[in-house]
Amino acid sequence: MSSPNLDVRDVARLARIELTDEEATTFQAQLGRVLEYVEQLKTLDVSGVEPTAHANPVFNVLREDVSQPGLLREAALANAPHSANNLFVVTKVIE
Amino acid sequence: MSELTDLSISELQAGFRRGEFTPSDALRALEARISAVDPAIDAYLSRDFQTALAAAEKADINLPLGGVPVGIKDAINVLGESCTCSSKMLAGFKSPYDATVISKLRAAGAIPYGRLNMDEFAMGSSTENSAYKKTRNPWDTTRIPGGSSGGSAASVAAREAFATLGSDTGGSIRQPAALCGVVGLKPSYGRVSRYGLVAFASSLDQIGPIARTTRDCASILNVIAGKDFHDSTSLDLPGEDFTAKLGGDLKGAKLGVPKEYFVDGMNPQVRSKVEVAIKRCQELGAEIIEVSLPHTSYAVGVYYIIATAEASANLARFDGVRYGHRAKNPRDLLDHYMRSRDEGFGSEVKRRIILGTYVLSSGYYDAYYLRAQKVRTLIRQDFTNAFEKVDALICPTSPDAAFKIGERVDDPLRMYLADIFTIATNLAGICGISVPCGFVKEDDAHLPVGLQFLGKALDETRLLGIADAYERASGFTTQRPHVV
């Protein structure tokens, strides 16, 4: 069964993932079943329950504002699919 | 004398210190063993023997893990080595730095050796989602080793690693350890720095050891635990010796049996082995108390909302610009992103990113993500209540033994339900360990079963003491598979 609200192609576009027709059909059915399964969460009364975002409530971790060693430029660029003149080369952004 | 590669870390170190053999001997023996068995197991993606040998020759055996080789899951960065997360997205990627756990291992004299196969970006329970190879279970090579740290567990079981590091987001250390018959520890959230671990779900991920014994896991945790300013979730705690309670017994220990962890549909042989193990703990002096974790049946649903939501954000970094796969000749920027990510990611990763994007999207956020976070609070409270009555929980690690390769690949929901007993641990941020508790017979194969102990957050010392007492009394860790 497929979820009435999930349009896999539309969401994949939001996530910037191209899908083949076959993938879209398969994922639509599989994710529909997963969403159907998680519907069970709606049977619980959660009014007045605080959400948990993190297992440890640690907030505002600070350190002294002093510089630390970081990656050297060569190391940062070493894995770039395309670089030139010590810069990352990107696909044209402005038409 | 048994072969060098049969030794636990503590036995290996005793041999070093008695001068019976050197770290270089151990590394050579290990490499010979890998060459002999890994063609049948396929746990390793790569390894660099010469670099490791140079480290072994200089190793200081008086350090806490001096001269001990440790295999590394392919999601943890080791300077200069590949780190692919078993994904085509990161083919050819070379780590520009050491993860904090690797710096700590090196400082303690250990030698990171070998990259271990996994489910792509740690998404999976069988290691079948690797883009590179299928790792096989050493107890029956037609079966999966579990996942996502399948290479890390299978290599330890096959005696082609003394110990390894894995990562556990919903069971990825404990479940493969159970299915391969070895010991796997997921430390509490905040115990170990994740700096240099490729992020999957940041509120759940934790690095931990897989080894032959509980003692070896404790020794590794002693080295890798601690505050790290590179990971703001790591906790600043007083120094602790995690081996402090090893060697004891179970007298006076209160162990809770969560009744929701014995469900219809679990393998009856697995259930029976775990029940025998619980009786054994009772004979060893533990008081067994039935407890309830009433929201257990919601954990898988909560997990697959929270983990995929976090993954969809974490994996947005793979844009084909600074590193990772980039599609050829993009028409424009949108095409660049869409094709790079289509070509780089495998099916399970795409499925989870899409699900995570959906549950975070406008109009669905409250219904899915926010609600899941609230149910997560209820799941955490279940554990808080249980730990008021008991020292640790005792339960199965997985509802099943290792299944056949290919058996569940087309049914993601069924695969997700395999994690039913491990997932809540991560949602609650507590610690858990799987130790072997016997074997079941499936077809002609003898397959290991894992017994899971769960401890409250930051209670690893006590948890390890309990697991060690059971492990030594039961003796299952001394059994090894016969790999060709």
Side-chain angles (χ1 to χ4, degrees), chain A residues 3 5-8 10-20 23 26-27 30-31 33-44 46-56 58 60-63 68 71-72 74-83 88-95, chain B residues 92-94 96-97 189-190 203-204 229 232-233 235 295 297-298 300-302 304-305 312 320-326 330 332-334 336-339 341-342 345 347 350-351 353-355 357-358 361 364 367-368 370-378 380 412-413 416 426-429 457:
Chain A
S3 168
N5 296 322
L6 172 70
D7 177 346
V8 157
D10 188 40
V11 181
R13 193 175 169 83
L14 289 175
R16 299 293 185 256
I17 297 174
E18 185 93 51
L19 293 181
T20 63
E23 277 176 325
T26 312
F27 290 178
Q30 289 171 331
L31 292 177
R33 282 196 294 277
V34 173
L35 286 173
E36 206 178 297
Y37 176 80
V38 304
E39 283 296 305
Q40 57 156 314
L41 298 188
K42 298 195 174 151
T43 63
L44 272 177
V46 291
S47 50
V49 179
E50 286 292 313
T52 295
H54 242 248
N56 289 326
V58 175
N60 295 340
V61 179
L62 303 174
R63 67 165 173 85
Q68 302 284 337
L71 281 188
L72 297 175
E74 300 77 54
L77 286 165
N79 285 301
H82 194 179
S83 67
F88 293 108
V89 176
V90 300
T91 300
K92 193 167 136 189
V93 178
I94 300 163
E95 292 305 319
Chain B
F93 181 90
K94 292 269 185 282
Y97 66 98
Y189 190 77
S203 80
L204 305 165
F229 85 89
S232 61
T233 67
L235 296 170
H295 297 94
S297 63
Y298 300 99
V300 173
V302 170
Y304 279 94
I305 291 172
S312 74
V321 173
R322 293 149 302 156
Y323 48 79
H325 177 75
R326 181 176 196 159
D332 52 28
L333 191 61
L334 185 64
H336 161 122
Y337 289 145
M338 295 198 51
R339 279 200 296 120
R341 288 162 65 82
D342 173 41
F345 291 138
S347 290
K350 289 180 196 171
R351 255 195 304 271
I353 291 174
I354 291 168
L355 183 59
T357 304
Y358 178 69
S361 62
Y364 298 104
Y368 290 108
L370 188 61
R371 177 168 282 266
Q373 287 188 312
K374 289 179 176 177
V375 181
R376 183 177 183 179
T377 303
L378 299 176
R380 290 186 67 192
L413 184 58
Y416 297 171
N426 301 70
L427 292 170

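In what follows, every chain begins at residue 1, and chains take the letters A, B, ... in the order their sequences are listed. If you're wondering where the values come from, they're calculated on a predicted model, not measured in any experiment.
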side-chain contact (heavy atoms from CB on, under 4.5 Å), that's the test. Do B:Tyr358 and A:Leu31 meet it? Break it down for me.
CA-CA 10 Å; B:Tyr358 178 69; A:Leu31 292 177; over 6 Å; no

Given A:Leu19 and B:Ile354, is the side-chain contact (heavy atoms from CB on, under 4.5 Å) satisfied, shown in steps?
CA-CA 11 Å; A:Leu19 293 181; B:Ile354 291 168; 4.0 Å; yes

Kindly determine whether B:Leu413 and A:Glu36 satisfy side-chain contact (heavy atoms from CB on, under 4.5 Å), including the steps that lead there.
CA-CA 10 Å; B:Leu413 184 58; A:Glu36 206 178 297; over 6 Å; no

Apply side-chain contact (heavy atoms from CB on, under 4.5 Å) to the pair A:Leu35 and B:Tyr368, showing each step before the final yes or no.
CA-CA 9 Å; A:Leu35 286 173; B:Tyr368 290 108; 3.8 Å; yes

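The shortest non-hydrogen separation linking B:Ser297 to A:Gln40 is O-OE1, 3.3 Å. Nearest heavy atom pair, residue B:Arg371 against residue A:Leu44, reads NH1-O, 3.0 Å.
Both the backbone and the side chain of A:Ala12 come within contact range of chain B, with heavy atoms under 4.5 Å apart. Residue A:Val49 touches chain B through both its backbone and its side chain, counting heavy-atom pairs closer than 4.5 Å. Contacts of B:Leu235 with chain A are made by side-chain atoms alone, with heavy-atom separations under 4.5 Å and no backbone atom involved. The contact between B:Arg376 and chain A is made by backbone and side chain atoms together, counting heavy-atom distances below 4.5 Å. Of the two parts of A:Leu71, only the side chain, counted from C-beta on, holds a non-hydrogen atom closer than 4.5 Å to a non-hydrogen atom of chain B. The contact between B:Tyr189 and chain A is made by backbone and side chain atoms together, counting heavy-atom distances below 4.5 Å.
Ranked by heavy-atom pairs under 4.5 Å with chain A, the list B:Leu370, B:Leu334, B:Leu427 is led by B:Leu334. Contacts with chain A were tallied for B:Ala372, B:Ala428, B:Ser347; B:Ser347 has the most, counting heavy-atom pairs under 4.5 Å. Per-residue heavy-atom pair counts under 4.5 Å with chain B were compared for A:Val38, A:Asn56, A:Thr26, and the maximum is reached by A:Asn56. Chain B forms more heavy-atom pairs under 4.5 Å with one residue of A:Thr20, A:Leu72, A:Val89, A:Val8 than with any other, namely A:Val89. When the candidates A:Ala80, A:Ser83, A:Pro81 are compared by the number of heavy-atom contacts under 4.5 Å with chain B, A:Pro81 comes out ahead.
Between the side chain of B:Arg339 and the main chain of A:Glu18, no donor-acceptor pair closer than 3.5 Å is present. In this structure, the side chain of A:Asn79 does not engage the main chain of B:Arg322 through any donor-acceptor pair within 3.5 Å. Judged by distance alone, the side chain of B:Thr377 and the main-chain N or O of A:Glu50 form a donor-acceptor pair under 3.5 Å. Looking only at distances, no side-chain donor or acceptor of A:Arg63 sits under 3.5 Å from a matching main-chain atom of B:Phe229. Judged by distance alone, the side chain of B:Arg341 and the main-chain N or O of A:Ala15 form a donor-acceptor pair under 3.5 Å.
Side-chain contact between A:Val34 and B:Arg351 is absent, with no heavy-atom pair separated by less than 4.5 Å. A:Leu41 places a side-chain heavy atom less than 4.5 Å from the side chain of B:Ile305. By the 4.5 Å heavy-atom criterion applied to side chains, B:Tyr337 and A:Thr91 are not counted as neighbours.
One finds the CD atom of A:Glu23 at 3.5 Å from the NZ atom of B:Lys350 (value rounded to the nearest 0.5 Å). For the atom pair B:Tyr304 OH and A:Tyr37 OH, the distance stands at 10.0 Å (nearest 0.5 Å). In this structure, A:Ile17 CD1 and B:Phe345 CZ are separated by 6.0 Å, a value rounded to the nearest 0.5 Å. Distance CZ/A:Arg13 to OG1/B:Thr357: 14.0 Å, rounded to 0.5 Å.
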